[in-house]
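Since the structure comes first, as structure tokens, the remarks are kept for the end.
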Amino acid sequence: MEERTDKDIAQMEVEQLNIEVKLERLLVSKAAEDIKEYVDANAAEDPLIKGVPEDKNPFKEKGGCIIS
């Protein structure tokens, strides 16, 4: 494995920070509002909210165990 010097590590950190400073930022209040609108708009198709029909549930028990 190649050893990295402190200079190499610092240069990588500066490059990463330059990438991050160019990212578009949103206010948390705006992002939360957008997420809420998305969830409300897609709630009808969401299996976690609506549930999965028994005939399409891949985790449904295939059979039972009978102990006699």
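Computed from a predicted model, the values in this text were never measured in an experiment.
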Salt bridge (charged side-chain N to carboxylate O under 4.0 Å, His left out) involving Lys30 - partner list, sequence neighbours excluded: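 Asp34.
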
Quick one: salt bridge (charged side-chain N to carboxylate O under 4.0 Å, His left out) partners of Asp6, sequence neighbours excluded?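 Checked Asp6 against salt bridge (charged side-chain N to carboxylate O under 4.0 Å, His left out); zero matches.
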
Could you pull out all donor-acceptor pairs under 3.5 Å where a side-chain atom in residues 17-29 meets a protein atom, sequence neighbours excluded?
{"from": "Asn18", "atom 1": "ND2", "to": "Val14", "atom 2": "O", "distance (Å)": "3.3"}
{"from": "Glu20", "atom 1": "OE2", "to": "Gln16", "atom 2": "NE2", "distance (Å)": "3.0"}
{"from": "Arg25", "atom 1": "NH2", "to": "Glu20", "atom 2": "O", "distance (Å)": "3.0"}

With sequence neighbours excluded, what pairs up with Asp40 under the side chain to side chain donor-acceptor pair (under 3.5 Å) test?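 Listed in chain order: Lys36.
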
Show me the donor-acceptor pairs within less than 3.5 Å that the side chains of residues 43-52 make with the rest of the protein, sequence neighbours left out.
{"from": "Asp46", "atom 1": "OD1", "to": "Leu48", "atom 2": "N", "distance (Å)": "2.8"}

